[in-house]
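Contents: one structure, followed by commentary.
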Amino acid sequence: MTQTLSTIDWLVILAYLLLLIGFAWWLSRQQESREDYYVGGRKVGAWPVALSIMATQCSTSSILGAPAFVAFAAGGGLVWLQYELAVPLAMVGLILFMMPLFRHLKLVSVYSYLEQRFDLHTRLTLSGLFLFIRAFATSVTVYSIAIVVDLITGLGFFWSVIMLGAFTVIYDVLGGIRGVIYSDVLQLIILMSVLLLLLLMLMESSGGVFAMLDNLDAERRQALNFSAHGLGDGETFAFWPMLIGGLFLYMSYYGCDQSQVQRTLSTENVDASNQALFLNGLMRFPLVLLYCLVGVGIASFAAANPEFLSTLPRNGDSPEYNLAVPLYMINSLPVGMVGLSMVALFAAAMSSLDSVLNALSATTMEDFVRRYHGTGWSARQELIYSRGITAAWGLVTLVMAFFVGNIADTVLEAINQIGSMANGSILAVFALGLLTARAYGKGAIAGLLLGIVVNGYFWIFVPSISWLWWNVIGFVVTFLAGWLWASVFQSNTQDVIAEEQDAVGQEFKVSDYLAREAKVNWRQRSILLMIWFGVLTILLWWLAA
C-alpha cells in the first residue's frame, strides 16, 4: 500500500455515513407499527425493490470475490458468468408459481406459509435454519469488508468491524425496510459509478476492452465450459452445474429466503412484486458483467505490472487476491476519490448487511416472539421490540465476523458454498407444500435434515463433486424423502392429517391467484425472460470464441 486516506477522504466517508443515518431517522418518524417497519406498509414501488435486490447481490463478496475469481483464482475466469444464466429462468418460476401465493396470504415472514400448509414445527425449523445460515453468511461479508477497511485506514481489524457495523446497525434500526430499500438504491448508484470509473481507467491503461480480453489467459476467457460435468471430475465451474445448480439456488434464494422475499412483499400488489423480479431478471447480468470486466482489467494490469501482486497482503503462502481491487483503488485514484471508493465498498457491504439484519429481525419477531407471546402488545410496543431485535442481531453478526476467516479461496465462493449446503433442501420443503397434497410436516423436516446431511457428506468426503450440484442433490433428496415418508409411513391418524392438509393444499392453488389478482400477463413476460436467457447464452458463446 502506497497511499492512505487523507482528511478529505475521511470527510467524504463521514458525510456519507451521516447522510444515511439522517435519512433513516427521517423515515423512522413515519413508522407506526411492525408492518411499517418490516414491509413498509406494502407501499414500496417495484423499481426501488428491484434495485435494492440488485444492490444486495452486488455486495462486498461480489466486488472483492468476483474480480479475484476472474483474474487469479484456480479454475476461475469468465466462467462465473455462466452462473447468471440461471437468474432469468429462476425468475420465471417465482413469478408464475410462488409470488402470487405469498402475496395472496399477505405474509410478513415467508415461513408462516409453512405453518398454514404443514405445521408449527416445520415453520420454526425453516425459520431457525434461515437465522443460522444467513447470520453466518453475513458475518463473512462483514469480515471481508473489515479487512479492506483495515488495509486502507490502519485502524486494525477490531475497530474496522466496529466502524462498519455501528453505522449500519444504527440506520437499519431506525429506517426499517424502507431505509434498507432506499439506501440500497443510493448505494447501488455510487457503487456502479465507481466500478465504471475503475473499468474506464483499466481500459485506458490496457488499450481498450478487447486488449484487456486479449491479455487475459486463454483459459480464463472461456465463458462457457461444456467439457466437464462437475460430478466427480473435480471441475466445480462447468456449464451444467452452474446452470442447473444455479437455477435451484436462485429459486431458493429469491423465493424462500426472508432477506430477499421480504422486499418483494413490501410492494402494493402481486403485479408490483412480479415486476421487481422481472426487472432483476433483466438487469442483474449487466451488473455482474461490469464487475467481472473489472476483474479482467485487474488481471491485465497485474500482467503489465508484476510488482502489483507482491504488494498484496499475504494469506498464508499466497497473496490475498480478494484485496486486489481495493489496492488498485487506493494506488490509482486521486485524493477525495479514494474516499469515494471507500464509500462504494462500504455501500457494497451495507447493502447486504442491512437487508439481512432487518430480515433476521422480522423472522425472529414473526415466527418466535409474536408466535409465543400472542397479540397483547400495542402497535407501538411491537415497533420498539422490532427495533431492539434488529440491534441484537447486528451485535451477533459483528461478533461472529471475528471467527469466519479462511473459509474458501475467495469470499464469493465462501458465500455460495454456505448457501448451497441447505438451499436446495429448503426449496424442496416449499415445493412439497406447493406440488403435493399428502406431504406433511414430519416428512418435510426429515427430508430437510437428510438433504443437508447428504450435502455435508459430499463436502467432506467427495470434494470432487461441484458444490453447485449440492443445490440439486439437496432438493431431490429432501423432496423424495418427504414424499416417501407421506406415502409409506403414514398411520391411520396421519391419514386424517393428510386429508386435512390436502384441503389446505387445494385452497392454495397458485395459478388461480395469478389469474385472479394479476392485471399483467406474466406468462408473456416470462417468455421474454426466456428469450433473454437465450441472448445471454449467445453472448457468452461469443466471448468463449
[atom1]/[X] to [atom2]/[Y] distance, rounded to the nearest 0.5 angstrom?
X	Y	atom1	atom2	result
Asn455	Asn471	CG	CG	7.5 Å
Met337	Met201	CE	CE	8.5 Å
Asp150	Leu164	CG	CG	12.5 Å
His229	Ile465	NE2	CD1	10.0 Å
Ile244	Leu249	CD1	CG	13.5 Å
Ile53	Leu277	CD1	CG	6.0 Å

State whether the side chain of [X] and the backbone N or O of [Y] hold a donor-acceptor pair below 3.5 Å, judged by distance alone.
X	Y	result
Gln258	Val110	yes
Thr264	Val261	yes
Trp470	Met421	no
Asp217	Glu219	no
Asp172	Thr168	no
Thr363	Leu360	no
Ser52	Pro48	no
Ser361	Leu357	no
Ser252	Phe248	no
Ser466	Gly230	no

Crowding at CZ, Phe226 (>12 non-hydrogen neighbours, <6.0 Å)
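Yes, enclosed.
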Answer yes or no: are there more than 12 heavy-atom neighbours, outside Glu307 itself, under 6.0 Å from its atom CD?
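Buried by this count: over 12 neighbours within 6.0 Å.
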Pair Phe167, Leu20 - check side-chain contact (heavy atoms from CB on, under 4.5 Å), show working.
CA-CA 8 Å; Phe167 282 97; Leu20 286 182; over 6 Å; no
Evaluate Val142 against Val161 for side-chain contact (heavy atoms from CB on, under 4.5 Å), listing each step before the verdict.
CA-CA 7 Å; Val142 176; Val161 171; 4.0 Å; yes
If you take all heavy atoms of [X] and [Y], which pair is closest and at what distance?
X	Y	value
Ala68	Asn322	CB-OD1, 3.8 Å
Leu333	Ser341	CD1-CB, 3.6 Å
Leu293	Met212	O-CE, 3.9 Å
Ile298	Leu202	N-CD1, 4.0 Å
Phe285	Glu84	CD1-CB, 3.6 Å
Asn358	Ile177	ND2-N, 3.6 Å

Using a 4.5 Å cut-off on heavy atoms from C-beta on, say whether the side chain of [Y] contacts that of [X].
X	Y	answer
Leu340	Tyr16	no
Asp354	Ser183	yes
Met54	Val49	no
Leu213	Val296	yes
Arg220	Leu78	no
Phe308	Leu327	yes
Glu204	Leu200	no
Arg263	Asp184	yes

Under the side chain to side chain contact (heavy atoms under 4.5 Å, CB included) test, residues paired with [X] that sit two or more places apart:
X	result
Leu247	Ala86, Leu89, Ala90, Met251
Gln275	Ala46, Phe278, Leu279, Trp522, Arg525
Arg387	Ser28, Gln31, Tyr37, Val173, Arg380, Leu383

Assess whether ring-ring contact (aromatic ring centres under 6.0 Å, His included) is satisfied between Trp459 and Trp467, documenting all intermediate values.
CA-CA 7 Å; Trp459 192 344; Trp467 54 262; 9.2 Å; no
Please determine, by modelled atom types, if [X] and [Y] share a side-chain donor-acceptor pair under 3.5 angstrom.
X	Y	value
Asp9	Ser6	yes
Tyr38	Gln262	no
Thr478	Ser425	yes

Kindly indicate, with the supporting measurements, whether the criterion side chain to side chain donor-acceptor pair (under 3.5 Å) is fulfilled by Tyr250 and Gln260.
CA-CA 11 Å; Tyr250 287 131; Gln260 300 302 307; over 6 Å; no
Check step by step if side chain to side chain donor-acceptor pair (under 3.5 Å) holds for Tyr254 and Asn280.
CA-CA 10 Å; Tyr254 285 106; Asn280 192 76; 3.1 Å; yes
Look at Arg221 together with Asp214 and state whether they make a salt bridge at an N to O cut-off of under 4.0 Å.
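Result for this pair is no, no salt bridge flagged.
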Quick one: do Thr397 and Phe136 satisfy side-chain contact (heavy atoms from CB on, under 4.5 Å)? Show the steps, please.
CA-CA 7 Å; Thr397 54; Phe136 189 70; over 6 Å; no
For the aromatic rings, using the six-membered ring if either is Trp, is the centroid distance between Phe402 and Phe158 under 6.0 Å?
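Yes, they do, as the ring centres are separated by less than 6.0 Å.
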Give a yes or no on whether the ring-centroid distance for Tyr83 and Phe237 is below 6.0 angstrom.
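For Tyr83 and Phe237, the ring centres are not under 6.0 Å apart.
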Can you check ring-ring contact (aromatic ring centres under 6.0 Å, His included) on Tyr171 and Phe23, steps first, answer last?
CA-CA 8 Å; Tyr171 88 72; Phe23 181 61; 9.1 Å; no
Given the rule in the side-chain contact (heavy atoms from CB on, under 4.5 Å) test, do Phe239 and Leu85 qualify, once you have shown the distances and angles that lead to the verdict?
CA-CA 10 Å; Phe239 177 81; Leu85 295 177; 3.7 Å; yes
List the steps, then state whether side chain to side chain donor-acceptor pair (under 3.5 Å) holds for Ser206 with Ser300.
CA-CA 7 Å; Ser206 300; Ser300 178; 2.9 Å; yes
